[in-house]
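As structure tokens, the structure follows; a few thoughts come after it.
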Amino acid sequence: MATLFKGQLVKGHSAEAQASGYAKRMSSHLAAALVTFCLLQIFIVAKMGGSLVLHLGIIVAIGAFAIAARGLERRWELLDSSGLSTRGLDVRFRRDAAQLWMVSIASSFLWIPIAVIFRFLFG
């Protein structure tokens, strides 16, 4: 089994074996980000006094996030098998993980202006 400890190769494990863990790690990040995204959306819409239309919008947003997450997961499955260096994979992994978390948290707050506009238009 390959293990990764702070981006360094553990003795006795090849770089190829270590690289195979990136797809699994990204999958874990995606699952956690999706749960965070869902909870934030539900909490924000509930606090804004969301109507049925806004709650249906949450379902659409979660579905779109899940489709995008699957695309990122496939990307990492391909990158894992691409034979790139561990250093190159590590840089890409950190960038993708940071972008994933920024998008999952920031996009949840987009419901605030949508709810305000919805309330203004429909009371």
Side-chain angles (χ1 to χ4, degrees):
M1 293 259 173
T3 56
L4 185 66
F5 185 72
K6 293 190 179 186
Q8 296 177 351
L9 185 63
V10 176
K11 285 187 179 180
H13 299 291
S14 68
E16 180 181 304
Q18 179 180 334
S20 68
Y22 284 105
K24 193 171 192 173
R25 287 173 56 201
M26 184 55 72
S27 183
S28 296
H29 275 280
L30 286 165
L34 181 59
V35 169
T36 303
F37 178 74
C38 294
L39 292 175
L40 279 172
Q41 284 198 32
I42 292 168
F43 176 76
I44 290 169
V45 169
K47 286 291 183 185
M48 297 296 294
S51 68
L52 180 61
V53 174
L54 291 177
H55 283 89
L56 291 175
I58 289 175
I59 294 169
V60 171
I62 291 170
F65 188 92
I67 291 169
R70 182 59 187 138
L72 186 60
E73 190 173 38
R74 283 188 192 141
R75 176 184 192 278
W76 275 96
E77 288 169 358
L78 291 172
L79 282 173
D80 253 357
S81 61
S82 70
L84 290 173
S85 70
T86 304
R87 184 175 177 96
L89 286 173
D90 194 44
V91 169
R92 285 177 176 85
F93 179 82
R94 289 175 193 233
R95 184 194 63 220
D96 283 358
Q99 288 175 348
L100 169 69
W101 282 103
M102 285 189 309
V103 167
S104 68
I105 292 170
S107 62
S108 296
F109 290 105
L110 291 176
W111 284 111
I112 295 172
I114 292 171
V116 168
I117 292 168
F118 185 82
R119 186 176 291 159
F120 176 75
L121 293 175
F122 302 107

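Every heavy atom of this structure was used, including side-chain atoms; hydrogens, water molecules and symmetry mates were not. Bear in mind that the values here come from a model prediction, so they are computed numbers and not experimental data. If you read the sequence from its start, that first residue is 1, and numbering goes on from there.
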* Between Trp111 and Ile58, does a side-chain contact (heavy atoms from CB on, under 4.5 Å) hold up when you go through it step by step? -> CA-CA 9 Å; Trp111 284 111; Ile58 289 175; 4.1 Å; yes
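Heavy-atom neighbours of Arg87 CZ from other residues, nucleotides or ligands within 6.0 Å: at or below the threshold of 12.
Interatomic distance, CG of Leu34 versus CZ of Phe65, reported as 5.5 Å (0.5 Å rounding). Rounding to the nearest 0.5 Å places NE2 of His29 at 13.0 Å from CD of Glu73. Note that CG of Asp96 and CG of Leu100 are 8.5 Å apart. Values are rounded to the nearest 0.5 Å. Distance CG/Leu54 to CD1/Ile44: 12.0 Å, rounded to 0.5 Å. The line from NZ of Lys47 to CD1 of Ile112 is 12.0 Å long, rounded to the nearest 0.5 Å. Going from atom CD1 of Ile42 over to atom CZ of Phe37 covers 10.5 Å, rounded to the nearest 0.5 Å.
Shown here for Thr86 and Tyr22, the closest heavy-atom pair between the two residues is O-OH, 3.6 Å. When all heavy atoms of Arg25 and Phe93 are compared, the closest pair comes out as NH2-CE2, 3.2 Å. Contact between Leu89 and Leu79 at its shortest, heavy atoms only, is CD2-O, 3.7 Å. Contact record, Ile62 with Cys38: CD1-SG, 3.5 Å, taken as the closest heavy-atom pair.
Between the side chain of Ser27 and the backbone N or O of Lys24, no donor-acceptor pair lies under 3.5 Å. Checked by atom type and distance alone, the side chain of Thr36 pairs as donor or acceptor with a backbone atom of Ala32 at under 3.5 Å.
Cluster membership for Trp101 and Val91, using ILVMFWY side-chain heavy atoms within less than 4.5 angstrom, is not shared. Phe109 and Ile117 fall within the same hydrophobic cluster, defined by Ile, Leu, Val, Met, Phe, Trp and Tyr side-chain heavy atoms under 4.5 Å apart, directly or through other members. With hydrophobic clusters built from ILVMFWY side chains whose heavy atoms lie under 4.5 angstrom apart, Val60 does not share a cluster with Ile67. Follow the hydrophobic side-chain contacts under 4.5 Å out from Phe43 and you reach Val45 in the same cluster. Under a hydrophobic clustering in which Ile, Leu, Val, Met, Phe, Trp and Tyr are joined whenever their side-chain heavy atoms come within less than 4.5 Å, directly or via other members, Leu52 and Ile59 fall into the same cluster.
Glu77 has no carboxylate O lying under 4.0 Å from a charged side-chain N of Arg74, or vice versa, which leaves the two without a salt bridge.
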